[in-house]
Amino acid sequence: MNVNVPPPAIEADRLTKRYGEANAVDSISFQIAAGSVTGLLGGNGAGKTTTIGMIMSLVAPTSGRVSVLGFDMARDAYRVLHRMNFESPYIDLPHRLTVRQNLTVFGRLYGVKSVSERIARLAADLDLKDFVDRQSGKLSAGQKTRVALAKALINEPDILILDEPTASLDPDTADWIRGHLERYRANNNATLLLASHNMGEVERLCDRVLMMKRGSIVDDDAPAKLIARYGRQNLEEVFLDIARGTGAAKKEAAE
Amino acid sequence: MSAATSPSFSFSRIFAMVMRHWYLLRSSWPRLLELIYWPLVQMVMWGFLQSFMAQQTGALAMAAGTFLAAVLLWDILFRGQLGFSFSFLEEMWSRNLANLMISPLRPIEFVLSMITMSVIRLFIGVVPVTFLAMFFFGFNFWGLGIALGAFFANLLLTSWAIGLLCAGLVLRNGLGAEGLTWSIMFLFLPLTCVYYPVATLPVWLQPISWTLPPTAVFEGMRALVLENVFRADLMLWALGLNIVWIALAGWGFMKLMHSSKRMGSLLSVGE
């Protein structure tokens with residue numbers, strides 16, 4: 001093994017999660033290169049959230065393994081968690097704490113050196129200044145999303161995992177968030193893993209897409225290549241082909 | 001880029017969690033009021049009962065002399081556990097637990113922050129009531145002297161062990177198990193003989209009662225108030241039991257946490 005080759009940012013090896021008789025994730029394997037943006041796509045129940053849960057060590061795999069930056073998440077999660085972060089509209093920050101208080105708490109949890117300076121920087125970058133001293137529970141959906149993103153960026157993570165980062169946002173705010181993620185990745189050479197149902201967003205942000213269906217990865221390629229291969233106009237049509245087993249997806253399955 | 005290493009134990013992370021709960025307490029006067037409300041109501045009710053019974057004669061009057069000490073010690077046990085459990089439940093109610101579980105916060109640091117908050121909540125809730133007991137009923141709780149430290153420490157240790165187990169059960173089973181955190185301590189009320197001697201229990205129940213650390217504390221309190229004797233043997237017995245209880249509760253909490261990871265329930269906490 002060449003010791004100079006850095007490990008993949010994220011690596012799953014025959015990763016499986018079974019709940020009783022149901023296979024939520026069925027022996028998936030993939031590698032995600034450092035500095036890339038990868039989309040994890042699939043319909044509801046495809047296994048995206050469970051896969052993310054296993055990467056974050058929130059869910060224990062039934063079998064197989066997942067490693068982040070070379071560390072096995074079942075054994076060494078605490079050696080790498082400070083270099084990761086996660087944002088999801090389904091996880092909240094304490095409502096009664098102000099945005100500044102919440103960010104201060106998480107800054108300290110992640111061992112950020114100058115928490116006040118980091119919060120000031122994030123407030124400027126993410127346009128939080130007008131409500132940084134307001135209670136988090138009293139913010140609009142768009143403001144909450146920006147605050148959740150600020151929490152996810154508090155430690156300047158090498159690995160940023162996003163679960164539907166622009167869900168329920170108006171097009172202007174969503175576009176603004178995407179722009180910020182692009183800049184963050186470019187400036188920090190960070191690795192982004194993104195689960196989203198917004199195909200336009202995935203086309204814009206992602207270098208690569210992992211398509212999941214019923215717990216398995218059914219396709220894996222760059223968005224443009226997938227569109228070309230399926231003979232479609234955009235990723236949404238590819239998604240529908242795969243989800244419904246029609247068009248090129250059906251043909252390939254038959255072959 | 002983020003730091004290359006993260007210490008395996010950090011007081012700063014514990015302090016961050018204590019700050020989180022302190023911010024919350026500070027922002028909510030109903031939460032602060034709730035801390036003091038029940039201990040105050042209990043103290044007033046038992047204080048009047050003690051005053052009434054003290055006017056009687058015989059053994060009843062003597063037994064009544066222990067009521068206020070008993071109720072204040074009971075509040076240390078009960079409020080200590082609630083203070084611990086509340087800190088955990090707040091994370092569940094605010095759907096913040098997953099944020100903590102993916103952070104570098106270690107389980108031991110999380111537990112130590114809940115222990116710290118339980119002491120802070122206890123001081124806010126119970127200490128003022130002890131002074132009110134002195135003012136209204138002339139009962140000097142602090143007059144228990146050095147023994148009070150032993151009672152206090154043993155009751156707190158038990159309250160943390162129970163709180164830890166409750167937290168594990170809620171983690172594993174979700175907020176459906178929340179009721180346990182409110183009610184589990186009431187099982188201890190009759191069994192630990194808060195207001196009467198262990199000898200009052202049926203013979204077959206007494207050995208069970210003695211496996212509960214608070215039993216030795218309440219028995220020791222009665223020895224001190226009624227006979228003016230400090231029973232160090234009882235305190236050591238309680239301490240030994242508490243060490244076993246804390247170890248078992250810590251083991252149980254970790255098992256339940258791993259079980260919740262196996263079930264995937266951490267992804268849906270608060271639901």
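Note: hydrogens, waters and symmetry copies are ignored here, and every other heavy atom, side chains too, is used. In this text the structure is predicted, and so the values were computed from the model without any measurement. So that the names make sense, note that chain A is the first sequence line, chain B the second, and so on, each numbered from 1.
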If you round to the nearest 0.5 Å, how far is [atom2] of [Y] from [atom1] of [X]?
X	Y	atom1	atom2	result
A:L58	B:S265	CG	OG	10.0 Å
A:R96	B:R26	CZ	CZ	12.0 Å
A:H82	B:S103	NE2	OG	12.0 Å
A:D92	B:E91	CG	CD	12.0 Å
A:Y110	B:L105	OH	CG	10.0 Å
B:R95	A:L93	CZ	CG	11.0 Å

Which atoms of A:T49 come close to chain B, meaning under 4.5 Å heavy atom to heavy atom: side chain ones, backbone ones, both, or neither?
->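 Both backbone and side chain.
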Chain B heavy atoms under 4.5 Å from A:Y19: which part of the residue, side chain, backbone, both or neither?
->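 The answer is the side chain of A:Y19.
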Is the [atom1] atom of [X] crowded by more than 12 outside heavy atoms at less than 6.0 Å?
X	atom1	answer
A:R214	CZ	no
A:E117	CD	no
B:F9	CZ	yes

For chain B, find which of A:L97, A:N85, A:T62, A:T50 contributes the most heavy-atom pairs closer than 4.5 angstrom.
->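 So the answer, after comparing A:L97, A:N85, A:T62, A:T50, is A:L97.
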Tell me, out of A:T98, A:I91, A:L69, who's got the most heavy-atom pairs with chain B below 4.5 Å.
->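 Top count of heavy-atom pairs under 4.5 Å with chain B: A:I91.
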Tell me, out of [options], who's got the most heavy-atom pairs with chain A below 4.5 Å.
options	answer
B:S260, B:A16, B:S94, B:P104	B:P104
B:M17, B:M263, B:M101	B:M263
B:R106, B:M19, B:R262	B:R106

Could you walk me through whether A:T104 and B:Y23 pass the side-chain contact (heavy atoms from CB on, under 4.5 Å) check?
-> CA-CA 11 Å; A:T104 302; B:Y23 288 146; 4.2 Å; yes
Less than 4.5 Å apart, any side-chain heavy atom of [X] and any of [Y]?
X	Y	value
A:P94	B:R20	yes
A:L109	B:F15	no
B:P107	A:Y78	yes

With only heavy atoms counted, which part of B:S28 is less than 4.5 Å from chain A, the side chain, the backbone, both or neither?
->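 For B:S28, heavy atoms of backbone and side chain both lie under 4.5 Å from chain A.
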Heavy-atom closest pair, residues B:S27 and A:Q135 |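 Here B:S27 and A:Q135 meet closest at CB-NE2, 4.4 Å.
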